[in-house]
Amino acid sequence: MMENNNVIAVVDIGSTKVCAIIGRVYPEGKLKVEGEGSVSCRGFKKMAYSDLDMITTSIKRALVMAQEKANIIVSSVYVNIRGIYLNYILENFSIDFGGREKEIDGEDILKLIKQASKIPVYEDETIVDVVPIKFYIDGDTEVAEPVGLEGKMLSADINIILGHAQAVKTICSCVQKLGLIVDGIIPEAYPIAFSQLRTPERHGTTLIIDVGGKITEYTVLKNNVVVLNSCIPCGGDNITSDIAKGLDVSNADAETLKRDIGYAAQEAFRQNRDCYVTHVGTGDTEMIRASHVIDIIEARASNIIDRVKDSLEKNGVETETIERAVIVGEGLRSMEGVDIIVKKAFGIDSRRPDFFVETGYMPTYLTAYSILTYIYSCIEYGRSYSVSNIKVTESHVGIGSESKGLKKYISMLKEFFTLNE
């Protein structure tokens, strides 16, 4: 029998992999990762969920790995959705207490959220998340946490996140084929911002660039509000492919060269190194300058950042107003000199968080881990725990009694309540 064991299960469908992570909240309130799993998956092609059978199989394999490590079977999961399938709108909602002073409680907050979740949407859209940004008492007094305060009216600026209905349906179908329930469809932008941004970066305008294998997702936040979240069809795999073609080496050798050299800009490279390559065509081994490889990396890395800038401008973002950038994802984050490329393109400073140093987990789990901590922060505001069974009897994905489809849960993210931390 499945039970609620304060477990949160997350599946991250990426452009080149599927990751699963299972966390558990213990009585003292501490969240602990119990198990994780990652498998290669090429089911996301040309900015679309294309091979659904491959995605479904990869979800199962990743969950099996996570469940075996955690000694937990889950029958429901949270799953991510890419920014290209999302639209963000910001609206104000309010409730009037009939002209009398009232102490505000959690039920009042939920009433605001329910208002936001009932706005009319087109048939090809569905609401996937609702994130309160600011609260006001009596129309003009901004407060960080309204619960416990008194007022005659409570209002809030709320970011409503709309997903393309077909994309949401596709994601749910991949999960439901395994007999699993979808706890919620989670946009990546707020979880990654929640886990990766420092307090000063939550003020003003910040650009997050998440370079993956096949795509680069970018998010613009203005005072903690997502104003744009989309992606371009280019990532770290393109760098590998360029090296392979440019030097006539295998993709495996190109990937090794890219990671071993670890530089994205000649200006940051202060060494005089040589490296050996084996040509695919002839089988001959040749010694070349490491700087030759960096030339190839820099050309593509610059192209990726420039394409992000072009896409931002085409979507109406005034790039000169962006104050800083944060680079995440495995495609570029680990390379020295990325800040130089960003500086040339945008004229701003950038930072590359070290996910492994900060969490102890491999960078491949950044998105899944970010969603896990995000959901954990939202539990007291309406998000649910995943359904689970602590005792694993065999290695399989837990099967629910029936597939209940997409459950719509509304969250309130405390970290984003205030701009004056």
Side-chain angles (χ1 to χ4, degrees), residues 14-19 38-46 209-218 231-309 325-345 350-357 361-367:
S15 61
T16 60
K17 66 184 184 310
V18 170
C19 296
S38 177
V39 297
S40 175
C41 178
R42 301 287 172 168
F44 188 91
K45 298 178 181 178
K46 297 182 178 179
I209 303 177
D210 184 355
V211 186
K214 291 291 186 183
I215 67 172
T216 294
E217 187 149 343
Y218 60 83
C231 48
I232 60 170
C234 191
D237 283 3
N238 296 90
I239 298 175
T240 302
S241 179
D242 289 348
I243 295 172
K245 292 176 182 177
L247 300 178
D248 185 31
V249 299
S250 68
N251 275 348
D253 286 350
E255 181 69 19
T256 300
L257 279 170
K258 180 180 73 173
R259 295 183 181 278
D260 286 352
I261 290 173
Y263 283 84
Q266 290 286 6
E267 191 175 332
F269 190 60
R270 299 282 188 263
Q271 306 172 42
N272 183 21
R273 284 174 51 193
D274 296 324
C275 54
Y276 288 92
V277 298
T278 301
H279 298 296
V280 174
T282 63
D284 295 336
T285 298
E286 178 187 6
M287 185 174 69
I288 64 170
R289 295 283 188 183
S291 58
H292 293 169
V293 183
I294 297 173
D295 282 337
I296 298 173
I297 296 173
E298 183 169 5
R300 178 60 74 173
S302 298
N303 172 260
I304 291 172
I305 301 302
D306 287 341
R307 289 176 67 177
V308 167
K309 183 179 180 182
V326 177
I327 312 299
V328 299
E330 296 181 82
L332 277 180
R333 190 215 60 80
S334 62
M335 292 189 179
E336 298 294 331
V338 175
D339 57 328
I340 294 172
I341 293 173
V342 173
K343 187 82 169 182
K344 288 179 179 178
S350 60
R351 182 176 67 86
R352 297 177 293 133
D354 194 323
F355 180 73
F356 178 77
V357 169
Y361 296 99
M362 297 303 293
T364 191
Y365 293 106
L366 183 144
T367 297

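Keep in mind that the numbers below use all heavy atoms, side chains included, and drop hydrogens, waters and symmetry copies.
- Remark: side-chain polar atoms of Lys258 are not paired, donor with acceptor, to backbone N or O of Ile243 under 3.5 angstrom.
- The side-chain contact (heavy atoms from CB on, under 4.5 Å) with Ile288 is formed by just one residue from the set Val277, Leu257, Asp274; it is Val277.
- The structure places CD of Glu217 at 12.0 Å from CD1 of Ile209, a figure rounded to the nearest 0.5 Å.
- Within 6.0 Å of CD in Glu267 there are 12 or fewer heavy atoms belonging to other residues, nucleotides or ligands.
- Taken to the nearest 0.5 Å, the NZ atom of Lys245 stands 7.0 Å off from the CG atom of Asp242.
- For the pair Glu336 (side chain) and Phe269 (backbone), a donor-acceptor distance under 3.5 Å is absent.
- With a 4.5 Å cut-off on side-chain heavy atoms, Arg351 and Ile327 do not count as touching.
- Here CZ of Arg300 is found 10.5 Å from OG1 of Thr240. Values are rounded to the nearest 0.5 Å.
- When all heavy atoms are compared, the tightest approach of Ala254 to Ala244 is CB-N, 3.6 Å.
- Although no hydrogens or angles enter the test, the distance criterion places a donor-acceptor pair under 3.5 Å between the side chain of Arg352 and the main chain of Met335.
- The closest donor-acceptor contact from the side chain of Arg333 to the backbone of Val211 lies at 3.5 Å or more, if one exists at all.
- Heavy atoms only, all atoms of each residue included: Pro363 and Glu330 are closest at CB-CG, 3.9 Å.
- Ser38 and Lys17 share no donor-acceptor pair across their side chains, judged by distance under 3.5 Å alone.
- Ion pairing between a basic and an acidic side chain is recognised when a charged N comes within 4.0 Å of a carboxylate O; Arg273 and Asp260 show no such pairing.
- Rounded to the nearest 0.5 angstrom, Ile294 CD1 and Tyr263 OH are separated by 7.5 Å.
- With rounding to the nearest 0.5 angstrom, the CZ atom of Phe355 is 8.5 Å from the OG1 atom of Thr367.
- Taking CZ of Arg307 as the reference point, atom CD1 of Ile304 lies at 8.0 Å (rounded to 0.5 Å).
- The one candidate from Asn303, Val308, Ile215 that meets the side-chain contact (heavy atoms from CB on, under 4.5 Å) condition with Cys234 is Asn303.
- Closest approach of Ala265 and Gly337 over heavy atoms only: CB-O, 3.7 Å.
- For the pair Asp248 (side chain) and Gly281 (backbone), a donor-acceptor distance under 3.5 Å is present.
- Contact check for Ile296 versus Leu247: side-chain heavy atoms found under the 4.5 Å cut-off.
- Looking at heavy atoms from C-beta onward, Cys19 lies in side-chain contact with Thr364 at the 4.5 angstrom threshold.
- Between the side chain of Ser241 and the backbone N or O of Asp237, no donor-acceptor pair lies under 3.5 Å.
- Of all non-hydrogen atoms in Ala325 and Val342, the two that sit nearest each other are CB-CG1, 4.1 Å.
- Taking all atoms of both residues into account, the shortest heavy-atom contact from Cys275 to Val293 is SG-CG2, 4.3 Å.
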Next item on the list: May I have the step-by-step check of side-chain contact (heavy atoms from CB on, under 4.5 Å) for Ile239 and Leu332, ending in yes or no?
Entry: CA-CA 9 Å; Ile239 298 175; Leu332 277 180; 3.7 Å; yes
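- Between Ile305 and Ala345 the shortest heavy-atom distance is CG2-CB, 3.7 Å.
- When atom types are taken as modelled, the side chain of Glu286 and the backbone of His279 share no donor-acceptor pair closer than 3.5 angstrom.
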Checklist line | Step-by-step side-chain contact (heavy atoms from CB on, under 4.5 Å) determination, Asp339 to Lys343 | finding: CA-CA 6 Å; Asp339 57 328; Lys343 187 82 169 182; over 6 Å; no
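- The 12-atom threshold is not exceeded at CZ of Arg289, counting heavy atoms of other residues, nucleotides or ligands nearer than 6.0 Å.
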